[in-house]
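The structure appears below as structure tokens.
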Number of protein chains: 2
Amino acid sequence: MSLDKRKVTILKAIINSYIDNAEAVGSRTISKKYELGVSPATIRNEMSDLEEMGFLIQPHTSSGRIPTDKAYRYYVDDLWKKVMGSNNPNISQLKNIIEEKSEEMDSVFKNSVRILSQFTKYTSFIIAPQLKQSTIKRIQLVPITDKRILLVLVLQNNIVKQVMLNLNNPIPLDQIDKISASLSEKLNGYKLEDMDSIKDSLIQELYHLREGSTESLLVMLPFLMEQISKFEDFNVYSDGLTNILDLPEYNDVVKAREFISFVEDKNSLAKLFQFTGENDLNISIGRENEYEELRDCSLITATYKLNGKLIGKIGVIGPTRMDYNKVILTVKSISNAMNEIISHNFDEENKE
Amino acid sequence: MSLDKRKVTILKAIINSYIDNAEAVGSRTISKKYELGVSPATIRNEMSDLEEMGFLIQPHTSSGRIPTDKAYRYYVDDLWKKVMGSNNPNISQLKNIIEEKSEEMDSVFKNSVRILSQFTKYTSFIIAPQLKQSTIKRIQLVPITDKRILLVLVLQNNIVKQVMLNLNNPIPLDQIDKISASLSEKLNGYKLEDMDSIKDSLIQELYHLREGSTESLLVMLPFLMEQISKFEDFNVYSDGLTNILDLPEYNDVVKAREFISFVEDKNSLAKLFQFTGENDLNISIGRENEYEELRDCSLITATYKLNGKLIGKIGVIGPTRMDYNKVILTVKSISNAMNEIISHNFDEENKE
DNA sequence: TGTTAGCACTCTCTTTGGTTGAGTGCTAAA
DNA sequence: TTTAGCACTCAACCAAAGAGAGTGCTAACA
């Protein structure tokens with residue numbers, strides 16, 4: 001049996017209708033709402049074929065039909081070609097919204113994920129870059145009191161991280177700039193993940209040196225390096241967790257609770273993202289997902305890059321009955337906008 | 001009719017039972033679970049009296065009884081005396097948890113509110129201090145690139161704020177320290193809210209001065225002051241929004257959605273906090289709340305102070321059928337712990 | 001040969017009515 | 001003043017009936 005043109009039209013009509021209403025679709029509905037010029041009986045025959053081919057199922061004998069994961073997969077693959085070809089018009093608009101108040105990398109992420117959930121009305125996520133691989137460009141200490149020092153860490157790609165250091169003993173404030181300079185010099189070029197391994201030899205080296213400010217430097221260094229190596233390996237932001245409460249498939253509180261508990265757990269999210277592909281855009285539908293908890297959900301992710309290198313992913317989770325068209329376009333546009341913002345603001349090699 | 005001892009015992013028993021089970025309480029239940037030595041019939045009579053006095057209501061003629069707001073108010077006022085007298089034992093424990101990774105003021109807030117919702121299983125909030133009233137102690141600029149400068153602002157009470165400045169024109173990096181010093185000097189002692197009003201005169205002054213680094217200073221100053229005056233007037237953090245999904249009173253998704261939408265709105269929360277009293281501990285029950293949306297909720301807030309001055313509030317929202325004992329103790333303990341942490345870490349006059 | 005009208009059939013959803021059980025209020029006795 | 005007894009009420013549960021949406025099949029039609 002082949003998927004001829006009329007079958008495709010009917011299948012798409014069913015999927016669209018189900019996406020809209022979350023209700024099993026009957027032959028009459030299709031014949032009325034989508035003018036196909038054929039009677040319900042004909043459509044029934046076609047639907048029966050589509051069911052046999054694995055695109056539709058009937059929840060019970062006398063109900064309408066619901067698309068299967070296979071149907072969504074077909075639908076999405078078809079959509080894909082069109083979407084990938086089309087240039088989304090409002091990227092510059094998106095960029096403006098994302099960039100608003102986004103002077104730091106983190107705000108770019110938070111804004112993006114917020115907008116993504118607002119636009120799609122689903123739950124959105126972003127996994128922020130693993131900084132451990134980044135190299136240190138400069139270190140600057142800012143004294144708050146004589147025992148509290150703010151450490152500002154500038155990484156190679158102009159990402160900035162800050163840590164507050166609470167020292168046990170006061171440090172002479174007039175030496176701060178000197179210490180900053182030495183630190184910058186000593187640690188320049190090392191990766192964050194190297195801190196643990198070079199710690200001992202660096203202390204050793206300084207110990208033998210004994211210049212003017214070495215004393216204070218020796219006091220701070222262990223603190224500082226420990227703080228740096230404690231940086232989170234990844235960072236997941238999410239938004240719109242409670243959007244699913246508006247969906248009919250989650251009008252059972254227990255189900256909603258389950259979903260929310262799952263997506264509130266940053267660790268499972270991080271793992272989830274690992275499973276997704278590394279293409280510009282990745283879609284997994286229903287049981288294609290690794291996690292049992294997401295067997296009724298689809299996951300649409302996009303990657304974002306800095307300097308050509310993949311540094312993180314952004315995505316949306318919603319029911320398999322998802323408005324794929326809208327979501328795919330939105331995810332794609334936002335990741336594009338992010339890429340531009342990031343490369344413009346943070347990429348060393350890419351300055352005006 | 002007077003509220004004699006037995007009536008009080010029965011009333012408390014009913015409230016406790018309802019807090020536990022969220023189910024209307026009947027005379028038999030009371031007589032069985034709480035050994036009062038009287039028969040259900042007697043209890044029925046007393047319950048009838050209590051209803052007449054406004055402490056109980058019957059959802060329908062043949063059901064058990066439910067406590068009214070008035071009952072909770074009585075219950076809480078009674079509890080109050082005991083709680084206020086008792087010293088909570090585990091403040092130092094709490095302090096440890098809150099202080100973990102809390103080198104900055106913001107983390108203290110976030111940790112506190114997280115713990116509060118974890119302990120109470122309700123929704124918790126904190127309103128962070130209005131910084132506009134704080135005065136500037138020091139300003140330090142940290143160059144990221146020649147057009148991106150991180151502005152670190154140290155306030156009188158050692159609170160630190162950071163803003164990234166994206167300049168249109170590069171600034172000579174070797175002047176940064178000089179500029180920082182001038183800025184610190186010029187702006188020292190001003191409040192954040194003053195920025196707008198002193199902006200023009202300051203620029204005027206610098207314009208006439210014309211020292212070495214004045215040029216760059218003039219470029220930066222408008223940027224900088226604008227950023228500062230854009231600081232949020234308040235900042236509300238919340239946690240445990242979805243805890244209510246576990247409560248039987250919210251097993252209707254629509255109701256749950258309503259609640260969550262309300263408490264997700266930072267503005268209404270901020271207003272809500274304004275209505276609460278400024279005692280160390282404030283409780284408003286059911287219809288005592290200003291907001292219609294919270295007519296079935298109780299709000300327990302505590303204040304926290306820096307240097308004796310109220311700088312913010314922390315609180316819990318839950319159903320009127322709330323475990324007041326636990327919540328009151330927790331809110332009180334956490335606000336106490338916060339007070340100690342804050343005064344220890346951020347209070348200028350209170351150093352070791 | 002593909003399409004369609006007609007019809008019997010299936011299954012969920014809603015409504016209806018009866019039953020159960022928890023709980024009450026009242027009365028009369030202890 | 002307390003309590004046992006009893007009639008009464010009402011939500012919650014359950015089963016049966018009916019409505020409605022939808023199907024599959026068959027036979028007629030273009």
Side-chain angles (χ1 to χ4, degrees), chain A residues 1-11 13-15 17-18 20-68 71 248-249 251-252, chain B residues 1-11 13-15 17-18 20-68 71 248-249 251-252:
Chain A
M1 201 168 348
S2 81
L3 203 56
D4 60 34
K5 205 169 164 188
R6 193 171 65 187
K7 281 198 176 61
V8 171
T9 315
I10 292 176
L11 181 57
I14 293 174
I15 296 177
S17 167
Y18 190 68
D20 279 355
N21 306 317
E23 270 168 28
V25 189
S27 53
R28 259 176 69 88
T29 316
I30 294 298
S31 113
K32 257 198 249 169
K33 277 210 312 196
Y34 307 81
E35 292 164 9
L36 298 175
V38 288
S39 78
T42 312
I43 293 174
R44 272 206 292 285
N45 291 329
E46 298 285 36
M47 283 166 92
S48 175
D49 290 352
L50 285 167
E51 180 168 6
E52 207 178 313
M53 293 163 83
F55 290 109
L56 299 176
I57 48 163
Q58 274 184 302
H60 54 267
T61 334
S62 72
S63 80
R65 261 112 173 167
I66 290 179
T68 60
E249 31 271 271
N251 70 1
D252 173 25
Chain B
M1 202 166 353
S2 82
L3 202 57
D4 59 34
K5 206 168 164 190
R6 191 169 67 188
K7 282 199 175 57
V8 171
T9 313
I10 291 175
L11 180 58
I14 293 172
I15 296 176
S17 167
Y18 190 67
D20 280 355
N21 306 318
E23 271 168 27
V25 189
S27 53
R28 258 175 69 87
T29 317
I30 295 297
S31 110
K32 259 199 244 166
K33 273 210 312 197
Y34 307 81
E35 293 162 8
L36 297 176
V38 288
S39 79
T42 311
I43 293 173
R44 272 205 294 285
N45 291 329
E46 297 285 37
M47 283 166 90
S48 175
D49 290 353
L50 286 166
E51 181 168 4
E52 207 178 315
M53 293 162 83
F55 290 108
L56 300 175
I57 47 161
Q58 275 183 301
H60 55 267
T61 333
S62 72
S63 80
R65 261 115 174 164
I66 291 179
T68 60
E249 30 271 270
N251 70 2
D252 174 24

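Order of the sequence lines sets the chain letters (A, B, ...), proteins ahead of strands, with each chain counted from 1. Because the structure is a prediction, the values reported are computed rather than measured.
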What is the distance from [atom1] of [X] to [atom2] of [N], rounded to the nearest Å?
X       : N      : atom1 : atom2 : result
B:Glu46 : D:dT2  : CD    : P     : 7 Å
B:Ile43 : D:dT3  : CD1   : P     : 9 Å
A:Arg65 : D:dA21 : CZ    : P     : 18 Å
A:Ile14 : D:dG22 : CD1   : P     : 12 Å
B:Asn45 : D:dT2  : CG    : P     : 9 Å
A:Asn21 : D:dA21 : CG    : C1'   : 15 Å

(request) Taking the side chain as every heavy atom from C-beta outward, state whether A:Glu46 and A:Val38 have any atom pair closer than 4.5 Å. (result) no

(request) Report yes if the side chains of A:Arg65 and A:Ser48 come closer than 4.5 Å at any heavy-atom pair, otherwise no. (result) yes

(request) Give, for atom CE of B:Met47 and atom OG of B:Ser27, the distance between the pair rounded to the nearest 0.5 Å. (result) 6.0 Å

(request) Could you tell me the separation between the CD1 atom of B:Ile10 and the CZ atom of B:Arg44, rounded to the nearest 0.5 Å? (result) 12.0 Å

(message) Please confirm whether the shortest side-chain N or O distance from B:Thr42 to OP1 or OP2 of D:dT3 is below 4.0 Å.
(response) yes

(request) Please check the phosphate of D:dA21 (OP1 and OP2 only) for any side-chain N or O of A:Ser27 closer than 4.0 Å. (result) no

(request) Could you list where the contact with chain A starts and ends along DNA chain C, reading 5' to 3', using a 4.0 Å heavy-atom cut-off? (result) C:dT3 to C:dT12

(message) Categorize B:Ser31 for me: base, sugar-phosphate, or nothing, with a 4.0 angstrom heavy-atom threshold over every strand shown.
(response) nothing

(message) With a sphere of 6.0 Å drawn around CD of A:Glu23, does it hold more than 12 non-hydrogen atoms of other residues, nucleotides or ligands?
(response) no

(request) Applying side-chain contact (heavy atoms from CB on, under 4.5 Å) between B:Ile43 and each of B:Leu50, B:Ile14, B:Leu36, report the one that passes. (result) B:Leu36

(request) Return the 5'-most residue of the pair B:Pro59, B:Arg6 with respect to DNA chain D, ranking by each residue's nearest nucleotide. (result) B:Arg6

(request) Specify the residue among A:Gln58 and B:Val38 whose closest nucleotide of DNA chain D lies further upstream toward the 5′ end. (result) B:Val38

(message) Using a distance-only criterion (donor-acceptor N/O pair, under 3.5 Å, no hydrogens), is the base of D:dT9 paired with the side chain of B:Thr61?
(response) no

(message) For the backbone of A:Ser63 and the side chain of A:Gln58, can you confirm whether one donor and one acceptor N or O come within less than 3.5 Å of each other?
(response) yes

